[in-house]
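All chains are named by letter (A, B, ...) in the order of the sequence lines, taking the proteins before the strands, and each is independently numbered beginning at 1.
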Amino acid sequence: MRGVGKPGALTVRGLTKRFAGVTALAEVDLEVRAGEILAVVGPNGSGKTTLFNVISGFYRPTTGTVVFDGVPLTGKKPDRINQLGLARTFQQAMAFTTGTVRENLEIAQLAHTDDPGWRAELIALCGLTEVAETMCAGLPYGLQRKLGVALGLATRPRLMLLDEPAAGLSDTDADDLAALITSLPQQGVSVACIDHNLPFLLPIADRVVVLDAGRKIFDGAPEEARGSAAVVEAYLGESDA
Amino acid sequence: MRYGKSLVVLAVVTVLMLLLPAVGPSNRVLSLATLAAIYAIVTYGIALLFGTGGLLSIAHGGLWGIGAYTAALFAVRAGWSFLPVLVLSVVITAGAATLVALMSLRVRGHYFTIITFAVAEGIRALINAWTPVTAGTEGIVVVAPVRVFGFDIRSNADWYYIVVVSLAVVIALTRLVVVSRFGRRFAATRDNLDLAASVGIGVSRLRLLAFSLSGALAGLGGAYWAYSQTFVHGDQFGAAASIVFILCMLLGGARYTYGPLIGAVIVVFMPPLLALPPLLATAALGVVFILVILLTPGGLASLPERLGQLWRRWRGPDPRPPGAGAAGDGAAAAVPTGVAS
Ligand SMILES: Nc1ncnc2c1ncn2[C@@H]1O[C@H](COP(=O)(O)OP(=O)(O)O)[C@@H](O)[C@H]1O
Ligand SMILES: [Mg+2]
């Protein structure tokens, strides 16, 4: 029985992130509108993960601002940003290895209101019922990815950033995940999702942002993205490399 | 409820410890036992950081010196009475620990440990150099009348009782911290720092609080050291002392309720029991340490659990765990103090 909150909206302006020598993000402007599912795509190394790391406070931007529901996130720590209602998953599957799946969800709520009902619901929603009492250390990869999504959702976010959640999932599991993501806006969660698997991602997305070498080269409807010359070129460039 | 049960075990252990003076031990045994309890108090603080939070601090050998010198100075020079001195030592050392944490917790992993090493040696150097206040390398003789709740504290047994009761409180408190939401969050940061932060766990604040608390225990141990040894000197403190506490922790087991106590008893009693020349005694302790780390890496307190595992593997699958009937101190002591469910 989850009280449905209002989904969150994110505004990113002029975001630049430079590492020694590498400009991972260059002057990126983008929005995640309240209640939408935004797809973030682009070739490897185009800055997608860096974008999520900056938004969620793991990296400080070189310049630029991130505002979530009117609250500036720039300079805030990751835990503070999660407390404000923004959750993220990691490209590498992560779990608290010392506990079971159920205990992991408890840990995810330690800094939030403890909500056993929502945890039980999440275990079912994320397809984790059979492994609820299994230690996370030995979990198959696909289930670890689903757990990652569940951990983020356990914190009751209003915006969820998903970094390649379908990587390593079987087609059936990917379909289940797509259904789950599609249901999130009705539950009060806006979504930004990175994935390479375009047949998985584009059908569930309301809008697509394409990054290439740290720049936003496309921002629009999924069906237009397929036809965009710049997007096609970026992806062709990748297959050359 | 699980905590309640461990409190009952703790009460039994404490009563057993309090019976020691009654069996007529020599003064030497009694003062060694007091020393072991003091070491244990400091070691519980270090074990909270390491066992639960995965932080290895070498600062505590210096921090407990701050506690000891605060006690020495205020008891001898300022003539304060015992309980206010004790509180002040705890508060000042906790404050110093907070400053150390603010400096050292900005860096990750091994750098943290290296900075705490520098802190321990820095405190030792400061004590030795700050002659007008600390009397430098001469040290301070601590003789001050001590009264607690109307009783004069004079004999070795008196000190033993006070320190053991404090130790019991420390064990109850650290155990409570470990099983609390605070402790479970702290354990989550050890398990996976980034993931913990991503689900809203305030890593920096938790670590700061844990470090302050563990500094408070170093301060308490230091104050008892000053009173019971009646002499403080800069070289009693510093990284070498830290190594002794870390040895206590690793020997006994950082994640077990009675690990630090077991470790401290071994470290304090083994050398005199062996009656070897000092160098050989240290070597013997080293050998024991290596054996423990190789055979039961979780520390001696993990031994019952580990033997159980080996036994089960030997016997093959068996629904009834062996030794389930022997629910003595040992079995209860083997409850890991990590993430509680
Ligand atoms: N912590 C880091 N330090 C240095 N360079 C980094 C770091 N993180 C990412 N980069 C660089 O930034 C660029 C973008 O990487 P990333 O955001 O991971 O791309 P994507 O997720 O789109 O594959 C790459 O060139 C990568 O090497
Ligand atoms: Mg990536």
So, are A:Glu103 and A:Arg119 salt-bridged, with charged N and O less than 4.0 Å apart? no
Could you tell me whether A:Arg145 and A:Glu164 make a salt bridge, using a distance below 4.0 angstrom between a side-chain N and a carboxylate O?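 No, A:Arg145 and A:Glu164 are not salt-bridged.
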Option in A:Gly57, A:Gly152, A:Ala95, A:Ala87 with maximal non-hydrogen atom pairs under 4.5 Å from chain B: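 So the answer, after comparing A:Gly57, A:Gly152, A:Ala95, A:Ala87, is A:Ala95.
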Can you tell which part of A:Thr97 gets under 4.5 Å to a heavy atom of chain B, answering side chain, backbone, both or neither?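 Both the backbone and the side chain of A:Thr97 come within 4.5 Å of chain B.
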Chain B contact via A:Phe90 - side chain, backbone, both or neither, heavy atoms under 4.5 Å: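 A:Phe90 touches chain B through side-chain heavy atoms alone.
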A:Ile181 and A:Leu162, any side-chain heavy atoms less than 4.5 Å apart: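 Sidechains of A:Ile181 and A:Leu162: in contact.
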Polar contact flag, side-chain donor to acceptor under 3.5 angstrom, A:Arg88-A:Asn53: yes
